[in-house]
Amino acid sequence: DLHAFPTRRCADLPRVQRDLEQQVEQRTKELHRANVELSRLADYDPLAGVLSRRRIVQDVEQLLMLRNPSRLYMLVIDVDHFKSVNDTYGHLAGDRILTEVARDARSLLRDNDLFGRIGGEEFMALIEASGSDEAAVVAERLRSGSARTKRVFREGAAGQVSVSIGVANASNRSSFA
């Protein structure tokens with residue numbers, strides 16, 4: 001029957017519309033979950049588990065606009081002789097050392113201090129301090145904390161890993177870049 005087909009199709013429209021709306025809702029939720037995961041991957045260094053370079057630079061720039069820059073200090077932390085660790089014990093040992101140094105440094109900082117990996121064996125912290133003396137105390141706490149921690153490079157090979165730390169104040173700066 002030629003006239004029954006359009007009538008039947010029209011009767012199915014509310015069901016088809018509901019099905020399509022459910023599919024759109026489902027895919028929107030999937031897209032949201034994927035975007036959250038993508039953001040997490042972009043914001044955190046996958047090896048060290050701390051803020052990525054992109055994210056920490058973004059957060060530093062934002063804090064420079066919101067806080068008193070004379071109280072903000074950047075600490076740049078470099079793992080000393082890291083290339084020789086990689087060359088002697090292999091990249092897996094080097095990766096483990098970076099992860100441990102990052103974990104230990106993060107644990108020695110306050111919750112509101114920023115900390116991230118800015119590349120290779122370099123990390124950065126942005127702290128708020130009353131002056132350069134307080135910033136130097138924080139830097140020394142990080143340096144000595146790393147120096148006194150025994151690191152296992154591989155079975156039967158262990159030692160300390162030192163770090164060097166530079167400190168800069170944000171006074172009169174709109175950017176650390």
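Throughout, numbering of the chain's residues begins at 1 and tracks the sequence.
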Determine the minimum heavy-atom distance between Y44 and G49, stating which atoms define it. CD2-O, 4.1 Å
Show the numbers, then the answer: is there a side chain to side chain contact (heavy atoms under 4.5 Å, CB included) between N86 and E121? CA-CA 11 Å; N86 270 343; E121 72 275 12; over 6 Å; no
Considering residues, nucleotides and ligands other than R110, do more than 12 of their heavy atoms fall under 6.0 Å from its CZ? yes
What do the steps show when you test R143 against E140 for salt bridge (Lys or Arg N to Asp or Glu O under 4.0 Å), and what is the final call? CA-CA 5 Å; R143 189 206 61 75; E140 176 56 23; 2.6 Å; yes
Does the side chain of R103 come within less than 4.5 Å of R106's, by heavy atoms? no
Is any side-chain heavy atom of E25 closer than 4.5 Å to a side-chain heavy atom of T28? no
For the residue pair L108 and G145, what are the closest heavy atoms and their distance? CD1-CA, 4.1 Å
Among the clusters formed by ILVMFWY side chains lying less than 4.5 Å apart, do V161 and L47 turn up in the same one? yes
Drop me the distance from R18's CZ to L13's CG, to the nearest 0.5 angstrom. 11.0 Å
Tell me if the CG atom of L92 is crowded by more than 12 foreign heavy atoms within 6.0 Å. no
Under a 3.5 Å cutoff, is there a donor and acceptor pairing between the side chains of S164 and D80? yes
Distance col, row E100:CD vs R151:CZ, nearest 0.5 angstrom, shows 5.5 Å
Any side-chain to backbone donor/acceptor pair from R53 onto I56? Under 3.5 Å, distance only. no
Spacing of CG belonging to D87 relative to NE2 belonging to H81, to within rounding of 0.5 Å: 13.0 Å
Find out whether Q23 and L20 are in side-chain contact, i.e. whether some heavy atom of one side chain is under 4.5 Å from a heavy atom of the other. yes
Looking at every non-hydrogen atom in both residues, tell me the closest pair between Y89 and R154 and how far apart they are. CD2-NH1, 3.8 Å
Does a side-chain heavy-atom distance below 4.5 Å link S130 with R71? yes
For F115 and A105 the tightest heavy-atom approach is CZ-CB, 3.6 Å
Answer yes or no: does atom CD of Q62 have more than 12 heavy-atom neighbours from other residues, nucleotides or ligands under 6.0 Å? no
Rounded to the nearest 0.5 Å, what separates atom CG in D43 from atom CG in D59? 8.0 Å
Which distance, rounded to the nearest 0.5 Å, do you find between the CG of D78 and the OG of S162? 9.5 Å
Any side-chain heavy atom of E134 within less than 4.5 Å of one from I127? no
Do H32 and V36 have side chains that approach each other closer than 4.5 Å (heavy atoms only, starting at C-beta)? yes
Taking all atoms of both residues into account, what is the closest heavy-atom pair of K150 and Q160, and its distance? CA-NE2, 4.1 Å
Pair Q26-E30, side-chain donor/acceptor within less than 3.5 Å: yes
Nearest 0.5 angstrom please: L126 CG to E61 CD, how far? 10.0 Å
Judged by atom type as modelled, is there a donor-acceptor pair below 3.5 Å linking the side chain of N169 to the main-chain atoms of S70? yes
Closest heavy-atom pair and its distance - V85, G94: CG1-CA, 4.2 Å
Same apolar cluster (I L V M F W Y, side chains within < 4.5 Å links), V137/L142: no
Side chains of L72 and V60: does their closest heavy-atom pair fall under 4.5 Å? no
